[in-house]
Amino acid sequence: MNVSAFSMPLRAMFAQRHDAAPAVVRPYDVGLILLALSLLSIGLIIVTSASMPVAARLFDNPFYFAIRHGIYIVLAIGTALTVMQIPMQWWRVSNAWLLLIALALLIAVLLIGRSVNGSTRWLVIGPITIQAAEPAKLFFFCYLAGYLVRRYEEVTENIKGFIKPLVVFFAFAVLLLMQPDLGTVVVMLCTTIGLLFLAGAKLWQFFGLALTGGLAVTFLIMFEEYRMKRITSFLDPWADPFGSGYQLTQSLMAYGRGNVFGQGLGNSLQKLEYLPEAHTDFIMAILAEELGFAGVVTVLALMLCIVLKAMKMGHKALQNERPFDAYLAYSIGIWFSFQTAVNVGASAGILPTKGLTFPLLSYGGSSLIIMAAAVGLLVRIDFEMRVEGIQAFDRGGKGKSKPNKPAKPTAQNRPTNSAGKKDVSSVLDDVAYAVVDADDLDDMFDENDTQTNIKTNRTKKTKQEDNNV
């Protein structure tokens with residue numbers, strides 16, 4: 001190789017490589033970020049519209065909830081940017097500590113938490129209110145991904161290894177049910193079942209866990225009067241439209257008024273305090289009334305794209321031998337999809353009413369920040385795979401392979417000055433290869449070498465002619 005080729009600036013070399021292509025190679029998934037920002041923007045608009053009547057009555061400021069939601073969005077974006085700076089290696093090493101933090105939060109909320117509407121789910125730390133169940137979900141999924149990496153053979157071949165993470169989940173479920181928060185338990189259970197299935201658990205174990213979980217949820221519903229009322233109102237909400245079925249009937253009216261393209265932004269009637277919790281759990285009903293079927297399909301399509309990207313990242317991470325990243329991406333995808341299905345299904349009368357937010361859309365600081373952190377994790381996973389793909393190349397241009405770690409120099413093989421110069425040249429080679437494609441760089445070097453050879457041959461030919469004369 002001709003080292004003089006490195007006199008060309010790296011920016012110019014990169015431009016030479018990509019001038020012919022309109023697309024710019026980026027180290028992160030722009031589409032995923034745009035999808036998340038789109039949901040955040042739509043959420044801000046709908047929350048503002050849905051919360052104005054109740055905010056004007058309670059706080060004499062129609063934009064009270066809108067301002068708070070805007071602050072939550074800024075905090076969520078800042079959290080996502082922070083998470084994107086943390087290497088995945090840190091999450092792999094620290095997942096056990098994150099599990100302990102989640103358990104501590106769930107215990108603390110039972111001891112010193114604040115109760116709202118009969119539920120004790122919030123920790124108040126000065127001006128900050130934290131819903132402990134939200135970080136607990138993310139930290140539990142990190143632990144579960146780490147456990148599947150450490151005990152993969154036990155999980156797939158031994159019933160004991162399959163049961164161990166379920167014991168941890170049972171401890172989480174007990175603490176969550178004491179709040180009570182059955183919705184979060186169901187989401188965590190379904191995500192755990194799906195992740196164990198994708199990790200390769202035996203089919204009978206998968207069906208056994210699903211059956212046991214279903215029976216446990218049924219038992220919890222049957223022995224709590226308010227949960228049974230939700231089931232009966234879900235089956236026939238019009239039997240008691242001004243009692244147990246009031247919230248669902250008002251939500252169904254909002255969906256019915258929406259038609260195909262809606263009544264127009266800001267023209268909802270159900271948000272005029274006919275529909276309780278219009279800007280949180282039933283945000284989709286207001287969106288359906290104002291933007292219609294088209295708006296609902298658009299929002300669901302955006303969430304579907306995020307979920308598909310998460311599952312695709314998980315599959316790609318498994319192929320790149322990054323199992324922790326793969327299982328974590330899988331768990332985030334299952335988590336987002338199932339929580340979205342429960343939120344929309346509850347507001348549309350397909351599922352019993354549950355207090356679960358729509359990811360990245362509903363009002364709520366803890367949920368919004370944790371969901372944004374999960375998206376930041378997906379971006380980080382994709383970023384590390386892209387960087388690994390750039391660095392793991394074949395110097396000969398015939399394929400990509402991971403570079404071997406160089407051995408430490410000893411007294412016998414300590415490099416001399418000339419060897420040190422070669423090492424410097426090798427470093428320059430690595431930098432150039434990281435910026436431009438190896439094939440193009442080799443072609444450039446070959447062209448320079450060809451020109452040098454032509455000049456050398458011309459000089460030799462001239463000298464030979466002179467000698468002949």
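All values below come from the heavy atoms of this structure, side chains included, with hydrogens, waters and symmetry mates left out.
- Tested against V344 for a side-chain contact (heavy atoms from CB on, under 4.5 Å), the candidates V299, L351, L300 yield a single pass: L300.
- The shortest heavy-atom contact between S331 and L195 is CB-CD2, 4.0 Å.
- A donor-acceptor distance shorter than 3.5 angstrom exists from the side chain of E290 to the backbone of G266, with no hydrogens or angles considered.
- No side-chain N or O of T357 forms a donor-acceptor pair with one of S362 less than 3.5 Å apart.
- Side-chain contact check for S251 and Q270: no donor-acceptor pair (N or O, by modelled atom type) lies under 3.5 Å.
- Ring pair H279/F65 is tilted by interplanar angle, where 30° to 60° counts as tilted.
- Evaluation of the ring-ring contact (aromatic ring centres under 6.0 Å, His included) rule for F282 yields no partner, not counting sequence neighbours.
- By the ring-ring contact (aromatic ring centres under 6.0 Å, His included) test, F336 is found to be paired with no residue, residues two or more places apart in sequence or in another chain being considered.
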Please tabulate, one pair per line, all N/O donor-acceptor pairs under 3.5 Å involving side-chain atoms of residues 126-136, not counting sequence neighbours.
from : atom 1 : to   : atom 2 : distance (Å)
E134 : OE1    : K137 : NZ     : 3.4

Solution key, residues 368-377 side-chain donor-acceptor pairs under 3.5 Å, sequence neighbours excluded:
none

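- Taking F383 as the reference, nothing meets the ring-ring contact (aromatic ring centres under 6.0 Å, His included) condition, with sequence neighbours excluded.
- T192 meets the side-chain hydrogen bond (donor to acceptor under 3.5 Å, both in side chains) test with no other residue; sequence neighbours excluded.
- When all heavy atoms of A199 and L148 are compared, the closest pair comes out as CB-CD1, 3.8 Å.
- Nearest heavy atom pair, residue G194 against residue I334, reads C-CD1, 3.8 Å.
- Remark: side-chain polar atoms of Y246 are paired, donor with acceptor, to backbone N or O of Y274 under 3.5 angstrom.
- Here the side chains of D181 and V185 are not in contact, with every heavy-atom distance at 4.5 Å or above.
- Within a 6.0 Å sphere centred on CZ of F197, heavy atoms belonging to other residues, nucleotides or ligands number 12 at most.
- With sequence neighbours left out, the ring-ring contact (aromatic ring centres under 6.0 Å, His included) criterion links Y255 to no other residue.
- One N or O on the side chain of E384 and one on the backbone of M88 form a donor-acceptor pair closer than 3.5 Å.
- Not one N or O on the side chain of S367 forms a donor-acceptor pair closer than 3.5 Å with the backbone of G364.
- Remark: side-chain polar atoms of S41 are paired, donor with acceptor, to backbone N or O of L37 under 3.5 angstrom.
- Annotation: side-chain hydrogen bond (donor to acceptor under 3.5 Å, both in side chains) contacts of D325 (sequence neighbours excluded): R92, R322.
- Pairs of residues two or more places apart, or lying in two chains, that qualify as ring-ring contact (aromatic ring centres under 6.0 Å, His included) and include a residue from residues 163-189 are F140-F172.
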Practice prompt. Kindly determine whether Y147 and Y152 satisfy side chain to side chain contact (heavy atoms under 4.5 Å, CB included), including the steps that lead there.
Written response: CA-CA 8 Å; Y147 177 84; Y152 177 78; over 6 Å; no
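- A distance-only check finds a donor-acceptor pair linking the side chain of D29 to the backbone of L32 [under 3.5 Å].
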Practice prompt. Dump the intermediate steps for side chain to side chain contact (heavy atoms under 4.5 Å, CB included) on M303 and L361, then the final yes or no.
Written response: CA-CA 10 Å; M303 180 54 66; L361 192 76; over 6 Å; no
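- The aromatic ring centres of F324 and W91 sit 6.0 Å or more apart.
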Worksheet item: Between F139 and Y143, does a side chain to side chain contact (heavy atoms under 4.5 Å, CB included) hold up when you go through it step by step?
Response: CA-CA 6 Å; F139 293 165; Y143 162 77; over 6 Å; no
Pairs under 3.5 angstrom only: tabulate donor-acceptor contacts from the side chains of residues 69-83 to other protein residues two or more places apart or in another chain.
from : atom 1 : to  : atom 2 : distance (Å)
Y72  : OH     : R68 : NH2    : 3.0
T79  : OG1    : L75 : O      : 2.8
T82  : OG1    : G78 : O      : 2.9

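- One side chain, N95 or R150, offers a donor N or O that lies under 3.5 Å from an acceptor on the other.
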Practice prompt. Start with the C-alpha gap between L269 and R257, add the side-chain angles, then the distance that decides, and say whether side chain to side chain contact (heavy atoms under 4.5 Å, CB included) holds.
Written response: CA-CA 9 Å; L269 292 179; R257 293 188 73 252; 3.5 Å; yes
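- Partners of T340 under the side-chain hydrogen bond (donor to acceptor under 3.5 Å, both in side chains) rule, at least two apart in sequence or in another chain, do not exist in this structure.
- Within the structure, no pair that satisfies the ring-ring contact (aromatic ring centres under 6.0 Å, His included) test touches residues 289-323, not counting sequence neighbours.
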